S.K.: 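Okay, here's the structure, questions in a sec.
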Amino acid sequence: MNAKSDYTVDKEATDYYADRLLEWYRRNKRDLPWRRSKDPYRIWVSEIMLQQTRVDTVIPYYHRFMEKFPTVDALADAPEDDVLKAWEGLGYYSRARNLQSAVREVKEEYGGVVPDDPEQVSSLKGVGPYTAGAIMSIAYNLPEPAVDGNVMRVLSRFFLLVDDIAKPSTRVKIEKLARFLIPDGAAGDFNQGLMELGATVCTPKSPHCLTCPVMERCGARLEGRVEELPVKAKAKPPRLETRAAAIVADEAGRLLIRQRPAKGLLAGMWELPHVQLPDAPAPAVDAAAARGEAAGALAAGLAAADGIGIFPEAWLTDAEHIFSHIRWEMQVFRCRLAAGAALPPHYRWMAPEERERYAFPNLFVRIIDEFASSV
DNA sequence: GACTCGTGGAG
DNA sequence: TCTCCAAGAGT
């Protein structure tokens with residue numbers, strides 16, 4: 001371990017940074033919904049929603065969520081399906097489940113009051129190092145760092161840090177630096193200032209250095225290396241999965257849907273019945289033959305997995321959906337259900353007016369909408 | 001440390 | 001069209 005394994009900075013630079021950033025933040029901060037309250041619960045909900053999710057995407061969800069679940073008690077007492085439904089389309093659905101689980105723990109163990117102790121908050125489900133620091137500093141103004149992607153980018157540039165910010169160990173190092181930078185009595189504004197600077201000025205591509213409050217001492221700018229920092233390893237491409245899905249409608253216009261398992265991808269969400277196809281490198285067959293094979297595999301797969309008999313009648317559409325780590329290429333077939341078949345417990349018939357009762361991932365929302373507009 | 005876990009906007 | 005990604009956490 002050499003002396004350079006941890007970042008160091010002198011107090012004079014620290015004071016400069018905090019003073020300039022705080023003044024800039026207090027004059028330029030955006031008027032965001034969750035900044036209008038110091039309620040730890042509201043801060044908490046916003047931080048969970050904002051994980052890996054853009055501000056503009058979160059805002060409408062945040063308003064709806066706070067209207068539906070305005071307090072710790074309201075969320076703790078709500079049916080889990082209602083919470084998942086409120087999260088529909090936002091992605092990373094385990095966040096919703098973990099949030100409600102943690103809120104229930106706050107109700108039971110802390111009398112409904114979000115604790116102001118970093119250790120206790122960190123132990124809550126779905127609350128990691130960043131979110132714990134954000135709640136501590138923003139709601140309680142306690143001097144805990146809140147290091148997200150913005151903060152890593154901003155500090156990497158200013159202090160010329162060349163560690164790969166995609167590595168977890170780098171976040172730990174930057175956390176130590178960020179903790180040291182927090183000015184007395186202004187943790188909340190300072191942490192939000194760092195993030196605000198990263199979101200609006202020190203952006204990933206073509207940052208607006210000329211409006212930056214700390215540009216005159218920014219290492220990356222002084223050395224002309226703004227574009228090459230931060231160092232970040234590129235993610236590997238998602239793996240391909242080919243799938244075939246069944247659209248089954250009855251005479252009343254109801255759709256056959258099923259609920260996904262409680263763990264894993266899209267846990268607990270509703271979907272169209274479908275199967276994964278063998279990923280053999282298709283030997284250049286014509287499209288019609290490939291669809292025929294997929295349709296056959298769909299019928300056989302649903303019979304084997306769920307014990308239901310369906311007969312593909314026509315190809316409806318192809319749909320692609322890209323998750324962070326998987327790419328689904330799905331062929332969708334309009335199918336007929338075998339008469340008199342009993343449905344497994346995780347299957348339902350969904351009437352058109354029941355759409356609001358079930359939470360679907362967006363890829364199935366699109367397919368269902370396309371089917372609805374085709375009939 | 002590497003993988004899992006969504007989505008849609010921006011360039 | 002494609003790439004990167006946006007206020008990360010769990011395993």
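Letters A, B, ... are given to chains in the order of the sequence lines, protein chains preceding strands, and every chain is numbered from 1. Note that the structure is predicted; figures quoted are calculated from it, not measured. What's counted below: heavy atoms across the whole structure, side chains too, no hydrogens, waters or symmetry copies.
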S.K.: To the nearest angstrom, how far is A/Arg327 atom CZ from C/dC2 atom C1'?
M.R.: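 Taking atom C1' of C/dC2 as the reference, CZ of A/Arg327 is at 12 Å.
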S.K.: A/Trp87 vs A/Tyr92, test: side chain to side chain contact (heavy atoms under 4.5 Å, CB included). Steps then yes/no.
M.R.: CA-CA 9 Å; A/Trp87 214 269; A/Tyr92 287 140; 5.5 Å; no
S.K.: Please report the distance, rounded to the nearest Å, between CG in A/Asp56 and P in B/dT7.
M.R.: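 Going from CG in A/Asp56 over to P in B/dT7 covers 19 Å.
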S.K.: Around atom CG of A/Asp10, are there more than 12 heavy atoms from other residues, nucleotides or ligands closer than 6.0 Å?
M.R.: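 More than 12 heavy atoms, drawn from other residues, nucleotides or ligands, come within 6.0 Å of this atom.
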S.K.: How many Å lie between CD1 on A/Ile48 and C1' on C/dG10, as a whole number?
M.R.: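 So the two atoms are 12 Å apart, to the nearest Å.
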S.K.: Check this for me, if you would: do A/Asp31 and A/Arg36 make a salt bridge, where the nitrogen-to-carboxylate-oxygen distance has to be below 4.0 angstrom?
M.R.: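 Looking at A/Asp31 and A/Arg36, the cut-off is met.
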S.K.: Identify all pairs in which a protein N or O lies below 3.5 Å from an N or O of nucleotides 3-6 of chain B, and state each distance.
M.R.:
| residue | atom | partner | partner atom | Å |
| --- | --- | --- | --- | --- |
| B/dT4 | OP1 | A/Arg239 | NH1 | 3.4 |
| B/dC5 | OP1 | A/Leu265 | N | 3.1 |
| B/dC5 | OP2 | A/His325 | NE2 | 3.2 |
| B/dG6 | OP1 | A/Tyr92 | N | 3.4 |
| B/dG6 | OP1 | A/Tyr93 | N | 2.9 |
| B/dG6 | OP2 | A/Leu266 | N | 2.4 |
| B/dG6 | O4' | A/Tyr92 | N | 3.1 |
| B/dG6 | N7 | A/Tyr92 | OH | 3.3 |
| B/dG6 | N7 | A/Ser324 | OG | 2.5 |
| B/dG6 | O6 | A/Tyr92 | OH | 3.1 |
| B/dG6 | N1 | A/Gln52 | O | 3.0 |
| B/dG6 | N2 | A/Gln52 | O | 3.1 |
| B/dG6 | N2 | A/Thr53 | OG1 | 3.0 |

S.K.: If you assign A/Lys234 and A/Leu50 each to the DNA chain C nucleotide with the nearest heavy atom, which residue ends up on the more 5' nucleotide?
M.R.: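 In this pair, the answer is A/Lys234.
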S.K.: Just call it for A/Trp34: base, sugar-phosphate, or nothing, with non-hydrogen atoms closer than 4.0 Å on any strand.
M.R.: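 It contacts base atoms.
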S.K.: Please list, in numerical order, the residues of residues 114-131 of chain A that have a heavy atom closer than 4.0 Å to any atom of DNA chain B.
M.R.: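 Going residue by residue through residues 114-131 of chain A, none turns out to have a heavy atom under 4.0 Å of DNA chain B.
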S.K.: For a quick check of understanding: with a heavy-atom distance under 4.0 Å over all strands, which category does A/Ser169 fall into, base, sugar-phosphate or nothing?
M.R.: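 The answer is sugar-phosphate, as A/Ser169 gets under 4.0 Å only of primed atoms, P, OP1 or OP2.
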S.K.: How would you label the contact of A/Arg30 with the nucleic acid (heavy atoms, under 4.0 Å): base, sugar-phosphate, or nothing?
M.R.: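 Base contact.
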S.K.: Closer to the 5' end of DNA chain C via nearest nucleotide, is it A/Ile138 or A/Asn98?
M.R.: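 Nearest nucleotide further toward 5': that of A/Ile138.
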S.K.: Could you tell me the separation between the CH2 atom of A/Trp44 and the C1' atom of C/dG8, rounded to a whole number of Å?
M.R.: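 Rounded to whole Å, this separation is 16 Å.
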S.K.: Assigning hydrophobic clusters by single linkage (Ile, Leu, Val, Met, Phe, Trp, Tyr; side-chain heavy-atom cutoff under 4.5 Å), is A/Tyr93 placed with A/Ile326?
M.R.: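 Yes, one cluster joins them.
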S.K.: Rounding to a whole Å, what distance do you find between A/Met49:CE and C/dG8:P?
M.R.: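 Result: 15 Å.
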S.K.: Could you state the CG-P distance from A/Leu99 to C/dG8, rounded to the nearest angstrom?
M.R.: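 Result: 16 Å.
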S.K.: If you measure from the Lys or Arg side-chain nitrogens to the Asp or Glu carboxylate oxygens, is any gap between A/Glu144 and A/Arg179 under 4.0 Å?
M.R.: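 A/Arg179 and A/Glu144: salt-bridged.
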S.K.: What's the gap between C/dA6 and B/dC5 when it is taken at their P atoms, as a whole Å value?
M.R.: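 Looking at atom P only, C/dA6 and B/dC5 are 23 Å apart.
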S.K.: Does this structure show an ion pair linking A/Arg260 with A/Glu271, if we count only N-O contacts that are shorter than 4.0 Å?
M.R.: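 A salt bridge is present here (some side-chain N lies under 4.0 Å from a carboxylate O).
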S.K.: Please report the distance, rounded to the nearest Å, between CD in A/Glu227 and P in C/dC4.
M.R.: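 So the two atoms are 15 Å apart, to the nearest Å.
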S.K.: Looking for any heavy atom pair under 4.0 Å, which part of the strands does A/Leu32 touch: base, sugar-phosphate only, or nothing?
M.R.: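 Result for A/Leu32 = base.
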S.K.: Tell me whether A/Glu354 at atom CD has more than 12 heavy atoms from other residues, nucleotides or ligands lying less than 6.0 Å away.
M.R.: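 Buried by this count: over 12 neighbours within 6.0 Å.
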S.K.: Out of A/Arg26, A/Arg30, A/Lys29, which one pairs with A/Glu196 under the salt bridge (Lys or Arg N to Asp or Glu O under 4.0 Å) rule?
M.R.: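 Only one option passes, and that is A/Arg30.
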S.K.: To the nearest Å, give me how far apart CG (A/Leu194) and C1' (C/dA6) are.
M.R.: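 It is 17 Å, rounded to the nearest whole Å.
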S.K.: Taking atom types as modelled, find out whether A/Glu47 and A/Tyr130 have a side-chain donor-acceptor pair closer than 3.5 angstrom.
M.R.: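 Checked: A/Glu47/A/Tyr130 side chains pair up, N/O donor to acceptor below 3.5 Å.
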S.K.: Within 45 degrees of the axis of the six-membered ring of A/Tyr16 and under 6.0 Å from its centre: does A/Arg217 put its NZ or CZ there?
M.R.: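 So A/Arg217 does make the cation-pi contact.
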